[in-house]
Amino acid sequence: MTNSATTTTTTTPKATVATTSNGQLVTEHGSTTIADTVVQKIAGLAAREIGGVHALGTGTSRAFGAIRERIPGASASAGQGVSVEVGEKQAAVDLQLLVEYGVPIADLARSVRRNVITSIERMTGLEVVEVNISVVDVHIPGEDGDNAAPESSRVQ
């Protein structure tokens with residue numbers, strides 16, 4: 001007898017939803033829901049762990065993040081540059097990356113994708129069906145105010 005294809009009891013759909021690669025989100029004792037912001041933060045932190053990722057988000061979102069960091073008591077968003085779609089047992093992630101100049105982008109994307117998938121699946125039990133990566137800019141050293149010191153030393 002086949003499992004879920006021919007069974008119509010109410011326990012079979014729960015078992016189907018409950019069975020994920022790393023755990024059970026729905027059991028006979030209750031269900032666990034994971035908010036989109038949780039998956040968004042996990043993905044953002046996992047992407048930043050990879051060397052060669054300078055920042056996440058577009059120029060506009062990074063500018064708002066820089067302003068937010070200067071406000072006392074506020075902090076930069078771990079989910080900046082990350083959008084997610086979370087279902088009952090699956091998640092999809094879109095990332096916007098600013099990469100360091102000289103880093104092989106294809107290799108970086110592969111590493112980021114692997115780390116994001118591993119982190120989300122390990123922490124949440126959700127299956128990650130896709131991680132789409134958009135490289136929005138390249139960071140060139142000395143471009144973002146790293147050259148502020150010479151300007152201030154001109155006037156004595």
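The analysis underlying the following values was restricted to heavy atoms, covering all of them including side chains, and did not include hydrogens, waters or symmetry mates. Keep in mind it's a predicted model, so treat the numbers as computed, not measured.
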**Study point:** Distance, nearest 0.5 Å, that separates CG of L56 from CG of L97
**Key:** 5.0 Å
Check your understanding: Shortest non-hydrogen contact from G52 to V103?
Key -> CA-CG2, 3.8 Å
**Study point:** Those residues that, when tested against E49, pass side-chain contact (heavy atoms from CB on, under 4.5 Å) (two or more places apart)
**Key:** N115
Check your understanding: Can you list every pair that meets salt bridge (charged side-chain N to carboxylate O under 4.0 Å, His left out) and has a residue in residues 98-112, with sequence neighbours left out?
Key -> D107-R110
**Study point:** For the student: nearest non-hydrogen atoms of V138 and Y101, plus distance
**Key:** CG1-CA, 3.5 Å
Practice item. Can you sort out the partners of V38 under side-chain contact (heavy atoms from CB on, under 4.5 Å), two or more places apart, ordered by chain and number? Key: I34, A35, I42
Check your understanding: By side-chain contact (heavy atoms from CB on, under 4.5 Å), which residues pair with L45, not counting sequence neighbours?
Key -> A78
Review point. Got a second to check how far Q80's CD is from K41's NZ, nearest 0.5 Å?
Key: 13.0 Å
Check your understanding: Looking at V53 and A47, what are the two nearest heavy atoms and their distance?
Key -> CG2-O, 3.5 Å
Practice item. For A43 and V82, work out which heavy atoms get closest and say how close. Key: CB-CG1, 3.9 Å
Exercise for review: Taking all heavy atoms of L126 and all of G87, pick out the closest pair and write down the distance.
Suggested key: CD2-O, 4.1 Å
Revision key, fill the gap. In this structure, CZ of R48 is separated from CG of L95 (nearest 0.5 Å) by 9.5 Å
**Study point:** V136 backbone acceptor or donor facing S134 side chain under 3.5 Å
**Key:** no
Practice item. Check side-chain hydrogen bond (donor to acceptor under 3.5 Å, both in side chains) between N132 and all other residues, then give those that pass, not counting sequence neighbours. Key: D94, E130
Point to revise | Side-chain (E85) to main-chain (A92) donor-acceptor, under 3.5 angstrom | key: no
Review point. Linking I/L/V/M/F/W/Y whenever any side-chain heavy atoms sit under 4.5 Å apart, do V129 and L25 land together?
Key: no
Review point. Can you tell me how far CD of Q90 sits from CD1 of I120, rounded to the nearest 0.5 angstrom?
Key: 12.5 Å
Review point. Sub-3.5 Å donor-acceptor pair from the side chain of E127 to the main-chain atoms of K89, do we have one?
Key: no
